[in-house]
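A note on names: the letters A, B, ... follow the listed sequences, proteins ahead of strands, and every chain is numbered from 1.
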Amino acid sequence: MRVHPRSHRGVRALTPSVALGREGDAVVAVSLDEGAVRERVADAADGRGLAAWVSQREARDRPRWVWSDTASWYPRLLEHGVRVERCDDLRLRHRILHHAVTSDAPAHPWDAAPLDAEPAAAPALFEVAPRADESALDDLAATVAEWRAQQELGARAIDPGRMRLLLAAESAGALVAAEMRAAGIPWDARRHDELLTAALGARRAGGLPVRMDEAAAQVREALGDPRASLDSPPKLLRALRSVGVFVDSTSKWELRQHDHPVVAPLLEYKRMARLLAANGWGWLDEWVHEGRFRPVYIPGGVVTGRWASSGGGALQIPRSLREAVRADPGWRIVSADVAQLEPRVLAAMARDERMARAAAGADLYEGVVASGAVSTRAEAKSAVLGAMYGATQGDAGRLVPRLRKVFPDAMELVDAAARTGEDGGVVRTWLGRTSPAPEEAWRQLQSEASGAEASAALVAGARRTARDRGRFTRNFIVQGSAAEWSLAWLADLRLRLTALGAVSEGEAAAASGPAFARRPHLAFFLHDEVLVHTPEAYAEDVATAIRAAADSAGRLLFGEFPIDFPLDVHIERSAAK
DNA sequence: GGAAACGGCGCG
DNA sequence: AAAGCGCGCCGTTTCC
């Protein structure tokens with residue numbers, strides 16, 4: 001029986017806000033609430049002094065730290081083992097607020113108030129990319145001014161309550177991203193090497209791995225050209241045509257449709273070449289050090305609000321290599337992913353009760369079959385994805401209309417988003433992230449095509465780009481709202497894990513490494529899945545926390561609307577020895 | 001000779 | 001040469 005940790009949601013009358021910024025050669029803190037109490041923190045170059053001061057203040061009253069940019073402030077703290085509970089990342093918030101308040105977005109069914117379209121004064125200093133002068137961004141006066149401007153912008157959002165949630169979730173995500181980079185993904189380089197050898201054959205200096213070489217030889221044999229180039233699409237295309245394989249590209253989906261002796265070995269070669277180039281031994285040498293892969297996560301890096309990553313292809317690790325992720329001895333990896341997150345979010349956003357009923361089980365697609373819309377799970381999946389992506393042709397295009405009959409509310413929501421996009425408007429996610437407005441060139445094309453003189457080709461081209469944009473906005477509201485659910489899940493889980501780890505403080509003190517990495521901690525996040533690295537003793541508690549966080553996220557976004565977010569949770573064994 | 005575009009493919 | 005969204009990265013080709 002374990003003593004239950006102190007709740008991480010303890011009621012606090014007031015969370016103080018404390019801005020950190022540079023003033024000359026010093027870092028200075030200012031209380032933003034009342035009295036504007038100022039305190040010199042440390043020399044700007046003194047990371048240890050900064051961390052010590054923040055740590056002390058964090059312990060005292062856990063303020064909300066207001067800083068220009070988590071990616072530039074927080075790693076310095078983490079380096080010295082100091083974590084903070086919450087922050088306002090002004091740079092990330094700026095991007096959301098600026099778009100939200102200055103856009104000409106038409107009202108949505110869930111909007112609480114008409115949009116105030118008066119353009120906001122937005123200091124160029126906080127524009128997201130690229131930053132010319134890093135030190136200017138950290139300036140204390142600029143930080144405080146930006147924070148005050150953001151308080152006003154936030155109050156002018158269409159739904160200030162939802163906007164507050166979104167801004168808080170975005171900033172919490174920034175903390176998670178920095179912490180996950182600091183902690184790294186436990187990566188078993190030996191296992192990775194074994195997997196590569198099994199897939200590609202033995203590694204050979206100055207040449208291709210054995211099995212790749214063999215596949216290449218088979219391809220060249222079938223092409224009747226011992227020197228055929230396999231890595232150059234144009235040359236390969238010509239070689240294929242010369243032996244009667246009349247393809248229009250060398251992509252695998254097209255090759256697969258041909259029955260020729262070259263096809264099988266070529267597909268095998270391409271599969272191996274891809275693995276070698278993207279995640280081969282070179283990748284291992286470059287990205288895995290001391291048993292950790294440390295990708296750079298970029299919160300809000302995708303227009304929809306999803307995260308992007310930079311370096312190491314963290315968001316594209318092939319499934320076949322996931323086995324190389326191994327907990328440290330005595331630890332466990334707890335993995336969890338959400339089943340069909342996006343259609344569930346769509347059902348909840350649209351308040352579509354019939355679609356929610358179809359989602360009631362663990363498998364939404366089976367629920368769609370049970371609704372009578374389609375007859376197989378494969379059809380259900382194709383139709384649902386097609387509905388969210390805007391399919392018009394093929395199987396999906398044929399099936400989508402059936403969904404319209406069964407789930408009219410959900411379908412009307414995405415159809416309306418598509419119409420808005422085609423007309424050049426902007427759309428918003430559930431919590432209020434606004435899609436980018438169309439480029440001037442796009443507007444220009446549409447207006448030229450609507451003129452009396454417009455050629456048929458011009459009209460057709462304009463129509464096509466309008467449809468392209470419609471598919472983008474259609475998907476934006478779903479992908480972006482799903483990303484918000486995920487952020488809420490992540491933020492809530494982060495606090496639950498901290499609370500869990502707090503009870504193990506004593507035993508953890510003996511271990512080595514940064515304090516936060518000795519507790520259960522997030523190690524990886526990819527759109528709708530997480531990995532938590534945890535001491536073995538907490539594995540079950542972590543699994544429970546992950547589920548509880550998913551329930552919280554669902555309620556936070558969608559209240560009592562009857563939608564659930566079933567998870568696939570696994571506790572994985574650690575590396576042998 | 002280097003930057004940008006392209007084809008291709010991994011992930012959700 | 002995807003149909004049907006969003007990414008990052010690789011090797012090659014094309015452009016300047």
Side-chain angles (χ1 to χ4, degrees), chain A residues 199 208 229-238 240 245-258 266-267 269-280 282-283 286-287 295-322 337-343 345-346 381-400 403 414 417-418 421 427 429 433 435-436 464 467-483 485-486 524-530 568:
Chain A
L208 295 177
S229 167
L230 308 190
D231 300 318
S232 159
K235 289 177 188 159
L236 181 57
L237 192 61
R238 281 194 292 274
L240 286 165
V245 180
F246 296 107
V247 283
D248 292 314
S249 82
T250 65
S251 60
K252 65 177 183 184
W253 70 265
E254 193 175 5
L255 286 169
R256 255 198 308 254
Q257 300 170 9
H258 288 78
L266 179 54
L267 290 177
Y269 175 85
K270 286 164 78 79
R271 193 174 45 76
M272 293 191 285
R274 161 76 193 190
L275 180 62
L276 179 67
N279 297 97
W283 181 92
E286 185 177 353
W287 292 102
V296 176
Y297 300 92
I298 305 177
V302 178
V303 280
T304 57
R306 273 187 174 185
W307 290 13
S309 73
S310 164
L315 273 42
Q316 305 129 253
I317 301 295
R319 284 270 162 201
S320 63
L321 286 181
R322 295 287 177 96
D337 67 271
V338 197
Q340 305 105 24
L341 174 60
E342 292 189 352
V345 165
L346 171 57
K381 184 171 180 177
S382 180
V384 168
L385 291 177
M388 296 187 304
Y389 294 163
T392 57
Q393 295 182 20
D395 274 1
R398 188 169 46 77
L399 294 168
V400 168
L403 247 38
V414 285
V427 295
T429 59
R433 192 186 305 262
S435 70
R464 189 169 40 74
R467 289 240 159 84
D468 289 348
R469 187 155 192 283
R471 286 194 304 277
F472 167 66
T473 50
R474 169 191 294 273
N475 186 247
F476 182 94
I477 62 167
V478 181
Q479 186 184 118
S481 301
W485 183 92
S486 293
F524 186 62
F525 167 60
L526 177 56
H527 308 320
D528 62 358
E529 61 182 90
V530 296
D568 213 0

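With sequence neighbours left out, the side chain to side chain donor-acceptor pair (under 3.5 Å) criterion links A:Y297 to no other residue. Under the rule for a side-chain contact (heavy atoms from CB on, under 4.5 Å), the partners of A:A308 that lie at least two apart in sequence or sit in another chain are A:I298, A:V302. Residues passing the salt bridge (charged side-chain N to carboxylate O under 4.0 Å, His left out) test with A:R238: none are found, sequence neighbours excluded. Residues forming a salt bridge (charged side-chain N to carboxylate O under 4.0 Å, His left out) with A:D231 (at least two apart in sequence, or on another chain): none. Residues forming a salt bridge (charged side-chain N to carboxylate O under 4.0 Å, His left out) with A:R471 (at least two apart in sequence, or on another chain): A:D468. Considering only residues two or more places apart in sequence or on other chains, A:R256 meets the salt bridge (charged side-chain N to carboxylate O under 4.0 Å, His left out) condition with none of them. With sequence neighbours excluded, the residues satisfying side-chain contact (heavy atoms from CB on, under 4.5 Å) with A:W283 are A:W187, A:H192, A:N279, A:W287, A:V288, A:F293, A:I317.
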With sugar-phosphate taken as primed atoms, P, OP1 and OP2 and all else as base, the protein-contact string of nucleotides 9-16 of chain C at under 4.0 Å (heavy atoms; B, S, -) is SS-SS---
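Rounded to whole angstrom, the span from the CZ atom of A:R256 across to the P atom of B:dG8 amounts to 14 Å.
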Provide a list of protein-nucleic acid N or O atom pairs under 3.5 angstrom, restricted to nucleotides 3-6 of chain B.
none

Show each protein N/O and nucleotides 1-3 of chain C N/O combination with a separation under 3.5 Å, one pair to a line.
{"unit_1": "C:dA1", "atom_1": "N7", "unit_2": "A:D248", "atom_2": "OD2", "d": "3.1"}

Dot-bracket for DNA chain C, 5' to 3', Watson-Crick and G-U pairs with both distances under 3.5 Å, [ ] for crossing pairs, | for partner on another strand, reads ....||||||||||||
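Listed by first and then second residue, the side chain to side chain donor-acceptor pair (under 3.5 Å) pairs that reach into residues 299-311 of chain A are A:T304-A:Q479, A:R306-A:E342, sequence neighbours excluded.
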